[in-house]
Amino acid sequence: MTTPQPGAASPPEHTGAPAGGPVAATSKPAHSPWLVLFVLCLGFFMILLDTTIVNIAIPDMIDRLHASLDQILWVLNAYILVYAVLLITAGRLGDLYGPKLLFMLGLAIFTLASAACGFATTPGQLIAARVAQGLGGALLTPQTLSVLTVIFPPAKRGAAFGIWGAVAGVATVAGPTLGGFIVTHWGWSWIFFVNLPIGVLALVLAAVAMPDLKLNRRHRLDLVGTVLATVGLFLLTYGLIEGQPHDWGKVWGPVTIPEVIVAGVAVLAVFVVQQYLQRGGEPLVPFAIFRDRNFSVMNFVGAALGFGMLGLFLPLVIFLQSVLGLSALQAGLTTAPMSLVSMFVAPVAGRMADRIGGKYILMSGLALFAAGMGIFVASTHPDSTRLHLLPGILVAGLGMGLTFAPLQTVAMRNIEPRMAGAASGLINTTRQLGSVIGSAAVGALLQNQLATRLSESAQAHAAALPAQFRERFVAGFSHASGGGLEVGAGQNGVDFGGNVPDAVRTVIADTFHVGFTNAMHTTLVLPIAILGLAALSCLIVKRRRAAGQPGTGATTTEVEAPASA
């Protein structure tokens, strides 16, 4: 694979398209765009299914792989990190070599990596395989929005994005429930093997149904920008995940965790400057796209949504299985109503966004999502039942359903088809970067809160124990968050060995349940607040242009409006 050299002129594609036309197909599409949408959604479904299945399997992975909480955070974040930093590059590659090729290549890599995940026997092997999954997912994802933006006219995109958004609901239904069933009966490794038949089917259908779209303009890759973004994000994520296990002290010789985080921020700052200096050429982040206010705001909203979702579900899954004692299947069924509601609401929200604009639909969705999770958190205590949790889950599901399709519709409405690959890669990147930072930040905050809350809970419960066991009991919980915390299914935070009376084990369980619940309550304030901020940011979205008014671009349907409109 070669990349055009900087400054080298690329001859236009001879496709028979009108001169200056932004897009042409090298092979005439033989199938309905709705069939192509189905194929794209099938691949996208596999990516999302894998994420939700992995979340529900976290306690079982910790138990069977003898992994620590920080190792499991890397199982989650290794995938998301690679996925995020390569999305824009993958969008560029789709513009260069065609989205069909990149879509199929991503499917193949992701499917093979899923098999490798299933065969992993150590946390390190699983993390390495998840990196490969991230590569495949990154190659695949931006091609979906890019192709949809090209093959559907602006008036139909809301409906298409609504179906695309509904796929997220289906995947989140299938993930926890199917994943819970698989984990309960066969173990965590089979959650990855389920990707194999889906991947093979999607590959066959893509080869037959997808048109071979090409853009008239060729792109070069910003390798320096890619390296800077990768290094900066790795340092920042590593510092957040490894902070509590290393007591926020030394991690690499004399290098401390705060220094690693500061270095990551500094490298990202250099990346931003480098991108700005390259703005006249082909930077990794095309600054010209940000001239559209809606696209800029939606990138922040997407990042906040990713932050909120990944940040919320990590403590939630542990709470359901390790505190309430639910099986993986029961935990999946507990969260399934959220996804079911989202699945049915998303297509309706997409059609409404086509008719009246997505601004207030999206704002309402984000606010309801935050409110629903707030209700859910307020309903959680060590003696909660699934019925207690249902109201918050339903409200959050309604909010999710009102969010995905309007977000994509507002973001992509004014984007020219020739920039569709870069734009779709960028908005997916910001959402995934939000997921990376959200997962790492919430994981770090959770570990920090556990260090305090478990110690407090242990001291409060110590009086119920025999005097000879109290010091060991308090010390065990006080030092657990430094790397020995056991939060797998049925585990109670600390392993005190087998020679412990049943009455003492009951106190140990109560201590963990109270400590974890209190830590979770404080931790989840952060992602809920981020979602609320995202809802407020929608106030500055431009209003929809009235029919018949001229636009500024090929697909423009919105105009400047006061921020208060």
Side-chain angles (χ1 to χ4, degrees), residues 48-65 67-77 79-80 126 130 171-184 187-188 191-192 241 306-339 372-373 376-377 379-382 384-386 388-390 392-393 396-397 400 435 438-447 449-450 485-493 512-513 515-517 519-521 523-524 526-528:
L48 293 180
L49 179 71
D50 187 75
T51 301
T52 53
I53 281 184
V54 170
N55 284 335
I56 206 69
I58 286 172
D60 192 61
M61 287 181 183
I62 293 175
D63 186 24
R64 293 176 181 261
L65 288 176
S68 62
L69 181 58
D70 56 303
Q71 286 176 318
I72 290 302
L73 286 174
W74 274 114
V75 171
L76 297 175
N77 288 309
Y79 169 77
I80 302 172
L126 182 56
R130 290 283 284 168
T172 48
V173 169
T177 51
L178 176 61
F181 179 83
I182 291 172
V183 170
T184 300
W188 67 266
I191 66 173
F192 295 105
I241 295 174
F307 187 107
M309 290 184 66
L310 261 291
L312 286 165
F313 287 124
L314 172 66
L316 169 61
V317 168
I318 297 175
F319 172 80
L320 292 175
Q321 296 186 55
S322 296
V323 176
L324 298 189
L326 303 180
S327 68
L329 177 58
Q330 290 171 329
L333 291 173
T334 300
T335 59
M338 181 191 304
S339 304
M373 293 313 301
F376 178 88
V377 171
S379 304
T380 55
H381 51 81
S384 295
T385 66
R386 284 181 279 180
H388 292 146
L389 308 179
L390 186 60
I393 287 175
M400 285 179 62
S435 299
S439 179
V442 170
L445 181 57
L446 178 63
Q447 291 183 86
Q449 284 296 309
L450 286 171
L485 186 64
E486 298 182 353
V487 293
Q491 295 179 329
N492 293 313
F512 172 72
H513 295 167
F516 186 91
T517 303
M520 181 184 71
H521 285 169
T523 299
L524 292 185
L526 176 60
I528 291 172

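Since we're looking at a predicted model, the values are computed, not measured.
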So, for [X] and [Y], which heavy atoms are closest and what is the spacing to 0.1 Å?
X	Y	answer
Pro315	Leu524	CG-CD2, 3.8 Å
Ser379	Ser384	O-OG, 2.9 Å
Val442	Gly311	CG1-O, 3.3 Å

Side chains of [X] and [Y], heavy atoms from C-beta outward: is any pair under 4.5 Å?
X	Y	value
Phe307	Leu526	yes
Pro382	Phe516	no
Leu316	Gln321	no
Leu312	Phe376	no
Phe192	Leu126	yes
Leu320	Leu389	yes
Ile318	Met520	no

Between the side chain of [X] and the main-chain N/O of [Y], is any donor-acceptor distance below 3.5 Å?
X	Y	answer
Thr184	Phe181	no
Gln449	Leu446	no
Arg130	Val75	yes
Thr380	His521	no

Between atom [atom1] of [X] and atom [atom2] of [Y], what is the distance when rounded to the nearest 0.5 Å?
X	Y	atom1	atom2	result
Ile72	Leu65	CD1	CG	6.5 Å
Met61	Ile191	CE	CD1	4.0 Å
Ile393	Met400	CD1	CE	11.5 Å

Residues in side chain to side chain contact (heavy atoms under 4.5 Å, CB included) contact with Ala396, at least two apart in sequence or another chain: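 Side chain to side chain contact (heavy atoms under 4.5 Å, CB included) list for Ala396, sorted by chain: Met338, Phe369, Met373.
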Ring pair (Phe, Tyr, Trp, His ring centres under 6.0 Å) involving Trp188 - partner list, sequence neighbours excluded: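 Scan of Trp188 (ring pair (Phe, Tyr, Trp, His ring centres under 6.0 Å), adjacent residues dropped) gives none.
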Under 3.5 Å side-chain donor-acceptor pair for His381 and Thr517: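 Checked: His381/Thr517 side chains show no N/O donor-acceptor pair below 3.5 Å.
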Criterion side chain to side chain contact (heavy atoms under 4.5 Å, CB included) on Leu329 and Val183, from CA distance to verdict: CA-CA 7 Å; Leu329 177 58; Val183 170; over 6 Å; no
